[in-house]
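Take a look at the structure below.
Below, read A as the first sequence line, B as the second, and so on, with proteins coming before strands; counting in each chain starts at 1.
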Protein chains: 2
Amino acid sequence: MARKYIDNPNACSLVHTMNIIGNKWKPIILYLLSNGSMRFGMLNTLIPTISKKVLTNQLKELESDGLLLRQSFAEIPPRVEYSLTEKAIGLLPVLRQLSDWANEAYPEMEFEQCRIIENGKKPAYNNVYKK
Amino acid sequence: MARKYIDNPNACSLVHTMNIIGNKWKPIILYLLSNGSMRFGMLNTLIPTISKKVLTNQLKELESDGLLLRQSFAEIPPRVEYSLTEKAIGLLPVLRQLSDWANEAYPEMEFEQCRIIENGKKPAYNNVYKK
DNA sequence: GCCATTAGTTACTTTTTGGTTACCACTATT
DNA sequence: AATAGTGGTAACCAAAAAGTAACTAATGGC
């Protein structure tokens, strides 16, 4: 289960960034967590097309790269909260710009409004992904 | 050979961006082209760990997403030049910020200086990836 | 006539990623 | 006594991405 990274012989920081967030689910996970912590099950509900196995795996990788904090509460049934670290918070504005870029570059696509860190308002989760 | 996109039921522009550049090679390709056009063979030389098949495929996808312009010259042997479109040029500052983010978030890694669109100087290609 | 050159393509194999189902621990509720 | 609820894990399988090697077209140089 070793993680596969792109060869990065010259230590290019862009390659490193893409190693960390350049895949199918991670930006979405960070985006959903951008307004506060969330439980595993909630993430799974908001991203219904991801399997539990893969979600677990992505969360682990994000945690090991220092982007997520995982807090496990000793309760029954279990409760685990995921939240962004400072590192991840520093990435949010860039994710926002990636979003903005798509809006400008592909105006014909009429995207939804991106809700990342917008005036501290919570995103309308129920409209983002429906079960 | 149909392209697989992430499900994007709510037309999130971040998901769209990741569909377009969120993979192993595309940011590197854009980065290498950020100082001007380049031939297929040169790209392949500068990214020696990519196979010709995959490079061809990535270039096609970037072209079909409107990020690259492909100019084929009727010469023997063939000559094909790839260059960035306006869309792609608009993305460069964001790529630069992704780079900068890694530098700040992982200071222990001592990355190389990112050379994207830096004062119009050409990147020192030979130091980026060696054959 | 033979070889080198370039930008691919094709067929085939391997690696990587993602999905499915069943299962677990522990308690509260019915 | 059975079931629901949560956050997983394990075994197994399917799909996607990537790698490899051989091949091509058309021309110039030897």
Side-chain angles (χ1 to χ4, degrees), chain A residues 1-8 15 18-29 32-33 37-65 68-83 129 131, chain B residues 1-8 15 18-29 32-33 37-65 68-83 129 131:
Chain A
M1 195 152 306
R3 181 101 169 271
K4 279 293 142 76
Y5 285 108
I6 304 176
D7 293 327
N8 197 4
V15 171
M18 296 313 291
N19 266 326
I20 289 175
I21 60 151
N23 82 343
K24 191 167 174 177
W25 302 112
K26 287 177 186 172
I28 301 173
I29 293 170
L32 289 174
L33 291 172
S37 68
M38 206 178 279
R39 297 178 64 173
F40 180 88
M42 191 58 175
L43 282 167
N44 208 171
T45 299
L46 296 177
I47 317 176
T49 52
I50 198 175
S51 65
K52 270 205 299 188
K53 191 192 81 172
V54 173
L55 179 55
T56 302
N57 198 47
Q58 304 290 291
L59 291 170
K60 273 186 190 162
E61 290 185 355
L62 285 169
E63 190 194 358
S64 87
D65 284 325
L68 290 191
L69 188 69
R70 179 183 182 278
Q71 288 181 89
S72 177
F73 298 86
E75 301 174 3
I76 297 294
R79 178 162 64 102
V80 178
E81 297 263 354
Y82 290 91
S83 55
Y129 287 98
K131 180 78 168 211
Chain B
M1 196 154 302
R3 183 106 168 266
K4 279 290 142 75
Y5 285 109
I6 304 175
D7 292 328
N8 197 3
V15 172
M18 295 313 289
N19 266 325
I20 289 175
I21 60 149
N23 81 345
K24 193 167 174 177
W25 302 113
K26 287 176 186 171
I28 301 174
I29 293 169
L32 289 174
L33 291 172
S37 69
M38 205 178 278
R39 297 178 64 172
F40 180 89
M42 191 59 176
L43 283 166
N44 208 171
T45 299
L46 297 176
I47 317 176
T49 52
I50 198 176
S51 65
K52 272 204 296 186
K53 193 193 81 170
V54 173
L55 179 55
T56 302
N57 199 47
Q58 304 290 293
L59 291 170
K60 273 185 190 162
E61 290 185 356
L62 286 169
E63 190 194 358
S64 88
D65 284 326
L68 290 191
L69 187 70
R70 178 182 181 278
Q71 286 182 87
S72 177
F73 297 85
E75 300 175 3
I76 298 292
R79 179 161 66 100
V80 178
E81 298 262 354
Y82 290 91
S83 55
Y129 287 99
K131 180 76 167 212

* Asked: Looking at B/Thr56, B/Asn44, B/Leu43, which hits side-chain contact (heavy atoms from CB on, under 4.5 Å) with B/Ile50?
  -> B/Asn44
* Atom of A/Lys26, atom of A/Leu62 and distance for their closest heavy-atom approach -> CD-CD2, 3.8 Å
* Structure fact -> Taken to the nearest whole Å, CD1/B/Ile47 to C1'/D/dA18 is 14 Å
* Figure out the CG/C1' separation between A/Asn23 and D/dA18, and round it to whole Å. => 16 Å
* Kindly give the heavy-atom pair with the smallest separation between A/Ile29 and A/Leu59, and that separation in Å. => CG2-CD2, 3.9 Å
* **Rounded interatomic separation in angstrom, taking CG from B/Asn44 and P from C/dA7** => 9 Å
* Asked: Rounded to whole angstroms, how far apart are CD on B/Glu75 and P on C/dA7?
  -> 10 Å
* Structure fact -> To the nearest angstrom, the CD1-C1' distance between B/Ile50 and D/dT20 comes to 15 Å
* **Residue-phosphate contact under 4.0 Å: B/Gln58 side-chain N/O, D/dA18 OP1/OP2** => yes
Please tabulate, one pair per line, each protein N/O and nucleotide N/O from nucleotides 5-13 of chain D that are separated by under 3.5 Å, including the distance.
| unit_1 | atom_1 | unit_2 | atom_2 | d |
| --- | --- | --- | --- | --- |
| D/dT6 | O3' | A/Arg39 | NH2 | 3.0 |
| D/dT6 | O3' | A/Pro78 | O | 2.8 |
| D/dG7 | OP1 | A/Arg39 | NE | 2.9 |
| D/dG7 | OP1 | A/Arg39 | NH2 | 3.1 |
| D/dG7 | OP1 | A/Val80 | N | 3.4 |
| D/dG7 | OP2 | A/Gly41 | N | 3.0 |
| D/dG8 | OP1 | A/Arg70 | NH2 | 2.6 |
| D/dG8 | OP2 | A/Tyr82 | OH | 2.8 |
| D/dG8 | N7 | A/Lys52 | NZ | 2.7 |
| D/dG8 | O6 | A/Lys52 | NZ | 2.9 |
| D/dT9 | OP1 | A/Lys60 | NZ | 3.0 |
| D/dT9 | OP2 | A/Lys60 | NZ | 3.4 |

* **Any donor-acceptor N or O pair under 3.5 Å, side chains A/Asn23, A/Gln58** => yes
* Structure fact -> Residues passing the side chain to side chain donor-acceptor pair (under 3.5 Å) test with B/Glu81, sequence neighbours excluded, are B/Ser37, B/Arg79
* Asked: Whole Å only: how far is the CZ atom of B/Phe73 from the C1' atom of D/dT27?
  -> 18 Å
* Length of the line joining B/Gln71:CD and C/dT6:P, which is rounded to integer Å -> 19 Å
* Partner residues of A/Lys53 under the side-chain contact (heavy atoms from CB on, under 4.5 Å) criterion, sequence neighbours left out -> A/Ser51
* Separation of atom CG in A/Leu55 from atom P in C/dG19, rounded to whole Å -> 11 Å
